[in-house]
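Hydrogens, waters and symmetry mates are skipped; everything else that's a heavy atom, side chains included, is used.
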Amino acid sequence: MTRYLIRRLGQSVLTVFLTLSTVFVLVRMAPGDPAAALAGPNPSSADLARIREQFGLDRGLLTQYGLFLRDLFTGDLGTSYSFHAPALDVVLDRVPYTITLSLSAIALTAVVAVPLGVWMARRADTKRELGANVLTIAGQSMPDFWIGVMLLTLFAVAVPVLPASGFTTWGGLILPTVTVAALQMALISRLVRREMVAALASPYVTVARSRGVSTRVLTWRYAMGNSAIPVLTALGTRFAAMLNGVVVVEVVFGWPGVGSLVVRALETRDYPLIQATVLVTAALAVLVQLLIDLAYPLLDPRVRLGKAA
């Protein structure tokens with residue numbers, strides 16, 4: 001276990017480092033000049049040269065990368081061009097909002113999608129299951145920004161019972177959470193349905209049923225127990241993706257999370273802020289994946305880390 005954990009931590013650090021290095025190069029190869037974004041309208045050549053020198057943008061790419069690595073290992077990701085503050089501090093101030101939204105969305109997804117998927121599996125190929133399938137397919141088909149706009153129109157404009165933007169009260173969390181979770185619920189419920197249909201048709205379930213095991217135990221202990229790993233993997237993957245910032249939803253609802261911060265960083269060509277955002281979100285995503293891997297043996301005793309069962 002210890003050896004596996006050390007190996008996985010090493011792989012995680014390498015993954016984050018390679019991701020950060022790739023982003024460092026790509027943002028500098030992309031069209032656009034941070035100096036022009038900072039200088040405002042109609043800047044002079046002298047102004048642009050002064051800004052480039054101030055932020056080290058006049059140096060070669062390899063020199064910039066070497067300085068970036070030197071500062072990275074000391075925990076300094078530079079100063080944000082637009083916020084005039086340490087880029088890492090700016091990102092860390094936004095991370096709790098993104099984590100809050102992600103946790104609420106994945107909790108709502110699990111509470112709704114797992115029972116719905118089980119219900120669909122127990123009524124597979126029936127008319128009622130067909131109706132649920134239509135709803136889940138519709139949920140997958142609707143883009144999140146459209147769902148967000150419709151919820152805003154209904155619950156913040158037509159019937160103003162919830163805040164339209166920001167996170168001044170806990171009520172401001174409801175609409176973004178439902179918007180983010182809508183697509184996830186459709187995806188996860190169909191996954192649960194597929195896994196449960198296969199599990200309920202397995203020979204061990206048939207034998208257990210012939211021995212008089214109740215339908216409740218067959219469903220939630222036998223079938224769900226053997227479907228837990230793919231369901232957990234899907235939930236964990238979706239949660240990790242949310243931690244990277246639900247950009248469209250955060251912009252629609254004015255949510256002060258990492259996603260809206262990324263949009264601002266890209267608009268202003270704020271290299272230190274982009275790099276700090278990538279570092280934090282990549283580390284969170286890798287951590288979630290590591291925790292999921294460590295949870296597998298708890299769900300299935302046949303799983304042995306680092307060796308065959």
Side-chain angles (χ1 to χ4, degrees), residues 15-16 19-20 22-24 26-32 34 37 77 80-83 87-109 139-153 156 162-168 172-188 234-289:
T15 300
V16 174
T19 302
L20 196 56
T22 303
V23 170
F24 179 92
L26 291 179
V27 296
R28 284 162 175 78
M29 293 177 60
L77 293 178
S80 169
Y81 302 158
S82 51
F83 287 90
L88 185 59
D89 292 346
V90 175
V91 176
L92 292 178
D93 287 341
R94 298 290 192 99
V95 166
Y97 295 99
T98 295
I99 292 178
T100 300
L101 177 58
S102 301
L103 284 174
S104 62
I106 204 66
L108 178 61
T109 299
Q140 287 182 257
S141 304
M142 292 184 292
D144 50 7
F145 69 86
W146 185 86
I147 296 175
V149 171
M150 292 299 102
L151 290 176
L152 278 174
T153 303
L162 294 172
S165 64
F167 188 31
T168 55
L173 181 62
I174 297 176
L175 294 183
T177 296
V178 174
T179 302
V180 175
L183 173 61
Q184 316 307 326
M185 289 188 289
L187 294 172
I188 299 300
L235 287 170
T237 302
R238 302 313 305 166
F239 180 60
M242 294 177 196
L243 290 175
N244 288 325
V246 192
V247 177
V248 175
V249 175
E250 291 187 8
V251 171
V252 169
F253 290 97
W255 190 259
V258 174
S260 56
L261 186 65
V262 169
V263 173
R264 178 168 179 176
L266 292 173
E267 288 176 346
T268 58
R269 310 291 298 170
D270 194 335
Y271 293 160
L273 192 56
I274 295 172
Q275 292 157 187
T277 302
V278 170
L279 174 62
V280 172
T281 55
L284 288 174
V286 167
L287 177 61
V288 170
Q289 295 295 336

Given 3.5 Å as the limit, does a donor-acceptor pair link the side chain of T277 with the main chain of L273, or not? yes
Check: W255 side chain, V249 main-chain N or O, donor-acceptor pair, under 3.5 Å: no
Minimum heavy-atom distance between P176 and L173, given as atom pair plus value: CD-O, 3.5 Å
How long is the gap from CG on L151 to CG on D144, to the nearest 0.5 Å? 11.0 Å
Quick one: closest heavy-atom pair of L152 and A164, and the distance? CD2-O, 3.1 Å
Which pair of heavy atoms, one from T177 and one from S104, lies closest together, and at what distance? OG1-OG, 2.8 Å
Counting heavy atoms not belonging to Y97, are there more than 12 under 6.0 Å from its OH? no
Roughly how far apart are D89 CG and R94 CZ, rounded to 0.5 Å? 13.5 Å
List the residues meeting side chain to side chain contact (heavy atoms under 4.5 Å, CB included) with T153, not counting sequence neighbours, and say none if there are none. V149
Between the OG1 atom in T19 and the CG atom in L279, the distance rounded to the nearest 0.5 Å is 10.0 Å
Within 45° of the axis and under 6.0 Å from the centre of the six-membered ring of F24, does NZ or CZ of R28 qualify? yes
Can a donor-acceptor pair be found, under 3.5 Å and without considering hydrogens, that links the side chain of T98 to the backbone of V258? yes
From S80 atom OG to L261 atom CG, the distance as rounded to the nearest 0.5 Å: 7.5 Å
Under a 3.5 Å cutoff, is there a donor and acceptor pairing between the side chains of S82 and D270? yes
Those residues at least two apart in sequence (or on a different chain) that pass side chain to side chain contact (heavy atoms under 4.5 Å, CB included) with A107 are none
Distance (rounded to the nearest 0.5 Å) between W146 CH2 and T179 OG1: 11.0 Å
Are L284 and V95 close enough, and set up right, to give a side chain to side chain contact (heavy atoms under 4.5 Å, CB included), and what steps lead you there? CA-CA 10 Å; L284 288 174; V95 166; 4.1 Å; yes
Please check: side-chain N/O of R238 versus main-chain N/O of M185, any donor-acceptor pairing under 3.5 Å? no
Of all the heavy-atom pairs spanning P96 and T100, show the shortest one and how long it is. O-OG1, 2.7 Å
Of all the heavy-atom pairs spanning A181 and A105, show the shortest one and how long it is. CB-O, 3.7 Å
Using modelled atom types and a 3.5 Å cut-off, is there a donor and acceptor pairing between side-chain atoms of E250 and backbone atoms of S260? yes
If you take all heavy atoms of P272 and Y81, which pair is closest and at what distance? CD-CZ, 3.4 Å
Say you draw a straight line from CZ of F167 to CG of L101; how long is it, rounded to the nearest 0.5 Å? 9.0 Å
Under the criterion side chain to side chain contact (heavy atoms under 4.5 Å, CB included), I'd like the reasoning laid out for L187 against Q184: C-alpha separation, chi angles, the key distance, then a yes or no. CA-CA 5 Å; L187 294 172; Q184 316 307 326; 4.3 Å; yes
Given L243, which of T281, I106, L103, I99 fulfils the side-chain contact (heavy atoms from CB on, under 4.5 Å) condition? I99
L162 meets the side chain to side chain contact (heavy atoms under 4.5 Å, CB included) criterion, sequence neighbours left out, with F155, I174, L175
